[in-house]
Each structure stands twice: as C-alpha cells, then as structure tokens.
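Working notes, structure below.
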2 protein chains.
Amino acid sequence: MSVQSQAFTGNCSDCPVRHRAVCAHCEIDELDELESIKYYRTFEAGQTIIWSGDKMAFVGSVIAGIASLTQTMEDGRTQMVGLLLPSDFVGRPGRDGSAYDVTATTDVVMCCFRKKPFEQLMARTPHIAHRLLQMTLDELDAAREWMLVLGRKTAREKIASLLSIIARRDASLSPNGPSGAMVFDLPLTREAMADYLGLTLETVSRQMSALKRDGVILLEGKRHVTVPDMGRLMEEAGDDSDGGLMA
Amino acid sequence: MSVQSQAFTGNCSDCPVRHRAVCAHCEIDELDELESIKYYRTFEAGQTIIWSGDKMAFVGSVIAGIASLTQTMEDGRTQMVGLLLPSDFVGRPGRDGSAYDVTATTDVVMCCFRKKPFEQLMARTPHIAHRLLQMTLDELDAAREWMLVLGRKTAREKIASLLSIIARRDASLSPNGPSGAMVFDLPLTREAMADYLGLTLETVSRQMSALKRDGVILLEGKRHVTVPDMGRLMEEAGDDSDGGLMA
DNA sequence: CGATCAGTTGAATATGGTCAACGGCTGTGG
DNA sequence: CCACAGCCGTTGACCATATTCAACTGATCG
C-alpha cells in the first residue's frame, strides 16, 4: 500500500504538514535547527511505533498515514485513546516513557527528532513550546469530547459519532458526491473501530448494518462510505446539527 | 461547609498550592507580576463557575475545594470529563470560550487572573508557559486513562477505579488508619460519581454496597470510606498493582 | 410536622456482549 | 486451474450487565 509521501524529498519547505505540525510557527533559523536533528522513518501498517512503558529516543510528527494510541489492561481488554493523523505530534517532552502503545494503523511516515536535542531546542524556542501547548490543549479537548461518547452514547450514536468525525476530517480532501453528500474510505477495520468506541466488533458490524438499512449511510464494499445527508448523521450521533466546527 | 482556606490571607508565599500550581516555577519577580493581576473568588457548592460556550474573563487556579468539568447533550445526558483539585488550572489561554461547564462540587476558592494580562505575561514568561504545558500533558494523560475506564471497565471496576484515584490523591493529606489502611471522605455525591463514571446513580449505589458487602471497603455513613487493603482495591479496579502515574 | 434531598433496594427490561456459524476475498501451493 | 487457509466481516441465538421505574429509608430544614 503506497503512502502519499513517496514524492516527498525530506525538505521542510515541501513538507505536507509544514503549516500544521509542531514546527508550524517556526522561523527559518529555527527550522534550520530542527532540520539538523530530524530524520524520517516509515512504519508498515500494523507495526508498533512505540511500546507502552518503553523509553522513547525520539519525538516527532506524523507526516502521512494514521497511527493510534492504545491502552491495554492485563487481561487483554484494549481501548484506543487517540488517533494520530498527519501533523499530529508523538511523544512527551519532559518524560521518558510512553504511557500507551503507539501503533501504525496504516503505513506511516514520521518526521522524528532526537528527544534530548529537541527538548533543549524547545527550551530556547518559544514558537515551538507555544505551538506544542496549543496542540496539546486541542488534544485535551478532543479527548474530553471522546469521554462523552464513551460514557454516555449508545452503540448507534457511537458509530454515528465516529463516522461524522472521519467525514468532517476528510471533508476538505475527498471528492464530494452530488448534492453535498460526503464520501470517504474508512481507515479502520471493524475491530479498530470497536477499540476506539468501547464496543465489540460484532456490535460495530450490527450497527453499521443498521445505519445502512436505515439509509443513514451507503456502503460499497466494507470500507467505502457515502453519507447522503450529514445533518441526519449528526442527529444520529446526538450532536445536534452544529457539532462545533464545520469551516 | 467550611473550606480550609479560611486562614489564607491572599499572600502567594502562604498559598497552599504555591509549589504545585501554574505559578510553581516562578521567580520572585514573576510572582510579583502575577500578584498584580490576581484576585480571589469563592464559589458555593453547586454554583456554576463557567458556562459552556461563555467567553471567559479569567483563568486561574483552584486553591481549595473541588470543581468539575462536565459536557452535556441536548437531551440532558451529562458526562463529567474532569475533576479539578487544588492546584489545578482552569481556563484555556488562547481561546475565548469554554468547551464545558465548570461547576463547584464543594465550596471552592479560586485564584483568578484576568485573562488578557495573563496571556501577555505568559508570552514573556517561559516558566509559566512551561509549567502550563507540563500540567496540560498530565491532564491529557489523566483524560486518556479515564477513557479506558469509561470504555472498557465494568461498573464494579469503575467504582473501584474512582475510589482508588481519590484514595491515592488524598494519601498525603488524610490520616492513615492502622496497618496502612486508607481513610477518606468522598467529595462526590452518588450522582456526581455516576456522571464521572458513565453510570446511573442506582448502579453506583449498588456497586458501592457490593464492595462494602465483599469487604473491599468499609462505609461509615454515606461518605466516609476506609480501604483496609489498597492492593485489593486496585485488583478490583483492574489496574494491577502499579496504577501508572500519580506522583 | 411535612417537605425535600441523598441514598438504597427491588423487579422488569433493554442493550450490548458472548459464542458460534457462515460468506466472500485474497494469496498460496499442488 | 482448483483447493485450501487466513483474514475480515456479517448474522443469529442466547445471555449478562446495567438501566429504568418505582417504592422506601433516614437525615436535615423550615
């Protein structure tokens, strides 16, 4: 499976997430410093990027692909606690170990910075520290929004919530169908969806079928989704209409 | 209900959270600047501190008491997404509105800073920005740990998880019983516990009774809890032994 | 004293989980 | 080329867990 970065040469100025990642606000000279401590790594779908508890040698940005953060209990139950998309930051400056497993859901390209030099650079570079604070606050908001989904929504609402998040995120990128319908491919298996939603994969499958039966979504194959009416989907999600941000 | 700060005069050097709050790493001169934009406010139990969607005029630290962050759906379902304890920070620099309701669970004393001057000060003061980043990363970890609780734990495990968090947090402050038993008062009603755990208050009540019946906890009245064996409680929570991170 | 509030408990029910069978695809090897 | 295994997903039958609705207790307050 190819990732979009095949044409990417490793130059920050060509970087697809240049304006959104942790380096977004950097000046030229700061970018030069980052360049000197950065390197690229690719991970295949399914591969673990960082193990929970391991000490991390690097931090970095996801450039292409999707990674997930998961927590695991001793008896094997798992909960996905975050989805990392291109431009998202991986790692925790100021702490050695990761609290969760980071796994490549699709093939992933990362821009890594050696951790020590990055921390030192951050101490000298308010632009980076400030951007990281912003991003962390956004992630905190997202995590808390997800807590509402996990704690209070029904299985059907959970599925609808996940679909509407993915749909809105892909809104800019993917081709829109007729009459403002949204079309996208699910980047997750049913099992990954279940891990994200705190459900079993059987329940995910059933509710997907139910939403399809009720005309809320159309399915072509297992992964290709068309949402004829976003408003309807958002109602199903319990997020009446607005949903917060729909630039 | 009296709060412990009655003797607190409003001087940073006497502040009970001086070394843990957002101002923890400040030098004397930075502290002086903070003093000039700070003021105290008290909120009675049950009072709303900030409404979701409102624009905030201030940010600040909880000095005494407990506040909670809650999300609400149109149909009234609510989920608590954070508990704010003394030293925790309220508000989001760089954004006007709050994404959640902030409510005083007990009587609360806050040290407030006018938002604009605080943001300006933060831009000039790496110590504050850095401390805020640390605290935000900690909150993010806590939120993600809670996602596992909400998504994958049984009602009994959820209750045990909440009790062990409260117990560990009060560990330093409260008097320990004999043989390392932990003793504390629940700062939450059954309903607030339910909101935090994604359960109904009836289920909370039943599981509390069950844990009491099984000798995992002792109850005196409704709120006074003794945990004779923390290890046992942690097992019940599914968090084998360690429990992760809570300095 | 009644009223209100926090909490407990019971009985019936619904929602999602568990276990199991099965369908469709893809890749491999005879 | 077909047979087969492995993976992802769907569906059904049954069951467990937590919710719902309701009655009830004990404390506090005016």
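None of the values given here were measured: they were computed from a predicted structure. Naming: A, B, ... by sequence-line order, numbering from 1 per chain. Side chains included, hydrogens not; waters and symmetry mates left out as well; all remaining heavy atoms used.
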For residues 181-199 of chain B, run the donor-acceptor check on the side chains, cut-off 3.5 Å, and write out each pair with its distance to 0.1 Å, sequence neighbours left out.
{"residue": "B:Asp185", "atom": "OD1", "partner": "B:His224", "partner atom": "ND1", "Å": "3.0"}
{"residue": "B:Thr189", "atom": "OG1", "partner": "B:Glu191", "partner atom": "N", "Å": "3.3"}
{"residue": "B:Thr189", "atom": "OG1", "partner": "B:Ala192", "partner atom": "N", "Å": "3.0"}
{"residue": "B:Arg190", "atom": "NH1", "partner": "B:Lys222", "partner atom": "O", "Å": "3.4"}
{"residue": "B:Arg190", "atom": "NH2", "partner": "B:Lys222", "partner atom": "O", "Å": "2.9"}
{"residue": "B:Asp195", "atom": "OD1", "partner": "A:Arg152", "partner atom": "NH2", "Å": "3.3"}
{"residue": "B:Asp195", "atom": "OD1", "partner": "B:Thr78", "partner atom": "OG1", "Å": "3.1"}
{"residue": "B:Asp195", "atom": "OD2", "partner": "B:Thr78", "partner atom": "OG1", "Å": "3.2"}

Chain A on DNA chain D: first and last contacting nucleotide, 5' to 3', under 4.0 Å to a heavy atom?
D:dG9 to D:dA13
Tell me, please, which residues at least two apart from A:Thr72 pass side-chain hydrogen bond (donor to acceptor under 3.5 Å, both in side chains).
none
Can you give me every donor-acceptor pair (side chain of residues 47-64 of chain A, partner residue at least two apart or in another chain, under 3.5 Å) with its distance?
{"residue": "A:Gln47", "atom": "OE1", "partner": "A:Glu44", "partner atom": "N", "Å": "2.7"}

Does any pair with a residue in residues 64-86 of chain A pass ring-ring contact (aromatic ring centres under 6.0 Å, His included), and if so which ones, sequence neighbours excluded?
none
What is the distance, rounded to the nearest whole Å, between atom [atom1] of [X] and atom [atom2] of [N]?
X: B:Met208; N: C:dG7; atom1: CE; atom2: P; result: 9 Å
X: B:Leu186; N: C:dG7; atom1: CG; atom2: P; result: 9 Å
X: B:Asp185; N: C:dA6; atom1: CG; atom2: C1'; result: 15 Å
X: B:Arg190; N: C:dT9; atom1: CZ; atom2: P; result: 10 Å
X: B:Glu191; N: C:dT8; atom1: CD; atom2: P; result: 13 Å
X: B:Leu219; N: C:dT8; atom1: CG; atom2: P; result: 7 Å

Is B:Arg223 close enough to C:dG7 that one of its side-chain N or O atoms is under 4.0 Å from OP1 or OP2 there?
yes
Under 4.0 Å between a side-chain N or O of B:Ser205 and OP1 or OP2 of C:dT8?
yes
Which residues share a salt bridge (charged side-chain N to carboxylate O under 4.0 Å, His left out) with [X], sequence neighbours left out:
X: A:Asp141; answer: B:Arg92, B:Arg95
X: B:Asp214; answer: B:Arg156
X: B:Arg232; answer: B:Glu236

Indicate for each nucleotide in nucleotides 20-26 of chain C, in 5' to 3' sequence, whether protein heavy atoms under 4.0 Å reach the base (B), only the sugar-phosphate (S), or nothing (-).
-------
Under the ring pair (Phe, Tyr, Trp, His ring centres under 6.0 Å) rule, collect the residues that match up with A:Phe89, sequence neighbours excluded.
A:Phe118
Ordered by number, residues from residues 194-201 of chain B within less than 4.0 Å of DNA chain D (heavy atoms) are B:Gly198, B:Leu199, B:Thr200
Heavy atoms only, 4.0 Å cut-off, all strands: where does B:Ser209 land among base, sugar-phosphate and nothing?
sugar-phosphate
In plain terms, say whether A:Glu139 and A:Arg144 are close enough for a salt bridge, that is, a side-chain N and a carboxylate O under 4.0 Å apart.
no
Salt bridge (Lys or Arg N to Asp or Glu O under 4.0 Å): which pairs involve residues 200-210 of chain A, sequence neighbours left out?
none
Could you report the tightest heavy-atom contact between A:Ala237 and A:Lys153, atom names first, then the distance?
O-NZ, 2.8 Å
